[in-house]
Amino acid sequence: TGNTDVESGAGIWMGSGEIGSSWSPIVQGNHIHHNRSGNIGGGITVWDVLTPEIIDNTISDNEATNGDGGGIFYRGRLNGGVIRDNIIVNNRAGDKGGGVLVASLVEYMSIEISGNLIAGNQSDALELTGNSGGGIKLTQTNAWVHHNTIVNNTGNGPSDSWGGGIVAYFGGNPIIEQNIIAFSQNGGGIWCDDLTTPTIRNN
């Protein structure tokens, strides 16, 4: 709690650039609260060659002041990461992904995002960078997003239709199913753009 970093991962930073390695850290049962990064990952940053399990944490009131991923910033190249059963609330990103931002370093990484409460998060979308994603921002992924409660999030920006709940962007085939997506304060429920072909069902 109360940590700051000028760049990324003020609460927890995990990274490896060692191609061919297989690092699978477990982040479980933590309270990650009121941390602030100057750029990405106010609460948690995951970078490159990792397949972490981020489970059963409370990730709240964190901020990525000028960048992405107020609660969690996850940018990887391996399939198999998990973000499950966390409470991700009241986080803010100065750009994209107020609660969670997941992006692929290679085309169409697969990740499971399930069973989380993602509520009261906000992203503010810098004018030149596009879609906001108050709750979740997915970029070039085949994410499986299911059984989450995604409520009361805010996607701000130059357009008021930039994804209060979820943004799926820049390609990939994410599956978004059996979630509650409700009461976005700005930006609507789901926004899809730029060659993304999602399956959206039973929400």
Distance in Å, I55 CD1 paired with N116 CG, rounded so as to fall on 0.5 Å steps: 11.0 Å
Main-chain N/O of A143 paired to T141 side chain as donor or acceptor, under 3.5 Å: yes
Heavy-atom side-chain contact between L105 and D48 under 4.5 Å: yes
Side-chain donor-acceptor contact under 3.5 Å, N152 with Q185: yes
Heavy-atom check, side chain of R77 versus side chain of M109, under 4.5 Å: no
Polar contact flag, side-chain donor to acceptor under 3.5 angstrom, N173-T197: yes
Single-linkage hydrophobic cluster I32~V102, side-chain heavy atoms < 4.5 angstrom: yes
Contact check, side chains of V167 and I136, non-hydrogen atoms, under 4.5 Å: no
Flag for H147-S114: side-chain donor and acceptor within less than 3.5 Å: no
Under 3.5 Å: donor-acceptor pair, side chain of N186, backbone of G155: yes
Rounded distance [0.5 Å steps], CG in N57 versus CD1 in I44: 5.5 Å
Donor-acceptor side-chain pairing of W23 and T51 below 3.5 angstrom: no
Closest approach of G98 to S123 (non-hydrogen atoms, all atoms of both residues): N-CB, 3.6 Å
Main-chain N/O of G41 paired to S8 side chain as donor or acceptor, under 3.5 Å: no
Check: N153 side chain, G120 main-chain N or O, donor-acceptor pair, under 3.5 Å: yes
T154 backbone acceptor or donor facing S184 side chain under 3.5 Å: no
Donor-acceptor pair, side chain of S60 and main chain of H33, under 3.5 angstrom: no
Single-linkage hydrophobic cluster, 4.5 Å side-chain cutoff, Y169 and I40 together: no
Side-chain heavy atoms of Y74 within contact of P52, under 4.5 Å: yes
Member of I88, V89, N148 meeting the side chain to side chain contact (heavy atoms under 4.5 Å, CB included) criterion with L117: V89
Within one Ile-Leu-Val-Met-Phe-Trp-Tyr cluster: V145 and V46, side-chain cutoff 4.5 Å: yes
With sequence neighbours excluded, residues passing ring-ring contact (aromatic ring centres under 6.0 Å, His included) with W144: H146
Rounded distance (nearest 0.5 Å) linking atom CG of N131 with atom CH2 of W191: 6.5 Å
Heavy atoms of other groups near Y108 OH, more than 12 under 6.0 Å: yes
Among D124, D68, D61, salt bridge (Lys or Arg N to Asp or Glu O under 4.0 Å) partner for R92: D124
Side-chain touch E177/T199, heavy atoms, less than 4.5 angstrom: no
I54 and N86, any side-chain heavy atoms less than 4.5 Å apart: yes
Atom of A93, atom of G70 and distance for their closest heavy-atom approach: CB-N, 3.8 Å
Check against side chain to side chain contact (heavy atoms under 4.5 Å, CB included), I180 and N203: CA-CA 6 Å; I180 298 169; N203 298 285; over 6 Å; no
Within-4.5 Å side-chain heavy-atom neighbours: T58 and N30: no
Closest heavy-atom pair and its distance - L50, P25: CD2-CD, 4.1 Å
Interatomic spacing from CG in D85 to CG in D56 - rounded to 0.5 Å: 5.5 Å
Closest approach of G69 to A64 (non-hydrogen atoms, all atoms of both residues): O-CB, 3.9 Å
L138: which of I113, L101, T196 passes side chain to side chain contact (heavy atoms under 4.5 Å, CB included): I113
Side chain to side chain contact (heavy atoms under 4.5 Å, CB included) between E53 and Q28, worked out: CA-CA 8 Å; E53 295 184 28; Q28 183 174 14; over 6 Å; no
Steps toward side-chain hydrogen bond (donor to acceptor under 3.5 Å, both in side chains) verdict (N39, E7): CA-CA 5 Å; N39 190 14; E7 181 59 28; 2.8 Å; yes
Note, S104 side chain near T139 side chain (heavy atom, < 4.5 Å): no
Atom pair CD1/CD1 of I72 and I59 - distance to nearest 0.5 Å: 3.5 Å
Shared hydrophobic cluster, V100 / I200 (ILVMFWY, side-chain heavy atoms < 4.5 Å): yes
For N121, the option from N91, N62, N90 that meets side chain to side chain donor-acceptor pair (under 3.5 Å): N91
Rounded distance (nearest 0.5 Å) linking atom CH2 of W47 with atom CE of M14: 13.5 Å
Single-linkage hydrophobic cluster, 4.5 Å side-chain cutoff, I83 and V151 together: no
